[in-house]
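Structure first, then comments.
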Amino acid sequence: MNSMRALLGLDVPLIAVSFSDDDSERAAAAARSAGVDVAELRIDRFSRTDVGHVLAQVRAFDGLPVLATVRSAAEGGGWNGGEEARLELFREVAPLVDAVDVELSSREVVADVVAAAHAHDAVAIVSYHNFDHTPDITELDAVVRGAKEVGADIVKISTMATTAADLKVLASLLVNSGDTGMIVIAMGDIGTASRIFFPALGSRLTYTFIGHQPTSGQLDYAETSALIRKFYPAYDERKGAVDARTPR
């Protein structure tokens, strides 16, 4: 069984930590020791993206649920190569990871990335990022529909929040999402609360960091983990039950 798929089925949030390829063996050991739920490998930030190097980094995180992300430069990532090469990387890692993340705006490859994930029982996260503002609910609803149409298991929405009204828009998106699997994040200082409290509304994953410069509004892993355990008392019990059933 895909361990991340099983964890996503719980009524508790998951904590993801993003990693590049800086000493992956050490980083993976630290993640295991800290009890990280999901290791997001930011392949777009790797020092090298040849297939052999990328697969070696993925294998270093064996034993942890792994989310592979090759974020396009158009949505804040480090990938400046061609789409054919990016698709090939997704296809190579799909058999080894628990989930992939590809942007809805990557029209040339998004359907093929989702298909590659599903061929290997990996969770397909289709994402949308807006670093300037939070669009209105009509526009965000259209993003969700578009992501579902290309086969998303989880739809990720991450936007810049500058007012309390922005948080309300994103919260309403979650509350009205029905059976759609969602990750919703408000970036910016005012959005920090979303990283702890949006899971109560159904957001499946919150992102954090260990030892590197965070994304806007992020808290570090130690603080995030402590707050999640404080506000979601079932976290350890339910996660532990799934971990026991799904060795990897």
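In this structure, CZ on R42 lies 9.5 Å from CG on L67, to the nearest 0.5 angstrom.
Under the 4.5 Å side-chain heavy-atom criterion for grouping Ile, Leu, Val, Met, Phe, Trp and Tyr, I137 is connected to L201 within one hydrophobic cluster. M187 and Y128 end up in different hydrophobic clusters when Ile, Leu, Val, Met, Phe, Trp and Tyr side chains are linked at under 4.5 Å.
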Next on the checklist: T224 vs I196, test: side chain to side chain contact (heavy atoms under 4.5 Å, CB included). Steps then yes/no.
Outcome noted: CA-CA 7 Å; T224 300; I196 303 301; 4.1 Å; yes
Checklist entry - Checking side chain to side chain contact (heavy atoms under 4.5 Å, CB included) for the pair T208/I15: CA distance, chi angles, key distance, verdict? => result CA-CA 7 Å; T208 183; I15 305 170; 3.5 Å; yes
Checklist entry - Going through the checks in order, is the side chain to side chain contact (heavy atoms under 4.5 Å, CB included) test met by T163 and K168? => result CA-CA 9 Å; T163 67; K168 291 179 181 178; over 6 Å; no
Next on the checklist: Quick one, I43 with T69, criterion side chain to side chain contact (heavy atoms under 4.5 Å, CB included). Give me CA distance, side-chain angles, the key distance, then yes/no.
Outcome noted: CA-CA 6 Å; I43 296 170; T69 299; over 6 Å; no
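Nearest approach of Y207 to S18, heavy atoms of both residues: CD2-OG, 4.4 Å. Considering all non-hydrogen atoms of both residues, A68 and V93 come closest at CB-CG2, 3.9 Å.
Listed by first then second residue, pairs satisfying salt bridge (charged side-chain N to carboxylate O under 4.0 Å, His left out) with a partner in residues 70-83 read R71-D101, R71-E103, E83-R86, not counting sequence neighbours.
Aromatic ring orientation, F197 versus F231: perpendicular (interplanar angle above 60°, classes split at 30° and 60°).
Cation-pi geometry between K230 and Y235 is not met: the NZ or CZ atom fails to fall both under 6.0 Å from the ring centre and inside 45° of the normal.
Distance alone, capped at 3.5 Å, places no donor-acceptor pair between the R204 side chain and the M182 backbone.
For the residue pair H118 and D153, a side-chain donor N or O sits within less than 3.5 Å of a side-chain acceptor on the partner. In this model, no donor atom of one side chain and acceptor atom of the other lie less than 3.5 Å apart for T134 and N130.
Using a 4.5 Å heavy-atom threshold, the side chains of I183 and I157 count as separate. S24 has its side chain out of reach of F46: every pair of non-hydrogen atoms, C-beta onward, lies at least 4.5 Å apart.
With sequence neighbours left out, D189 forms a salt bridge (charged side-chain N to carboxylate O under 4.0 Å, His left out) with no residue at all.
A salt bridge does not link D98 to R5: none of the charged side-chain nitrogens sits closer than 4.0 Å to a carboxylate oxygen.
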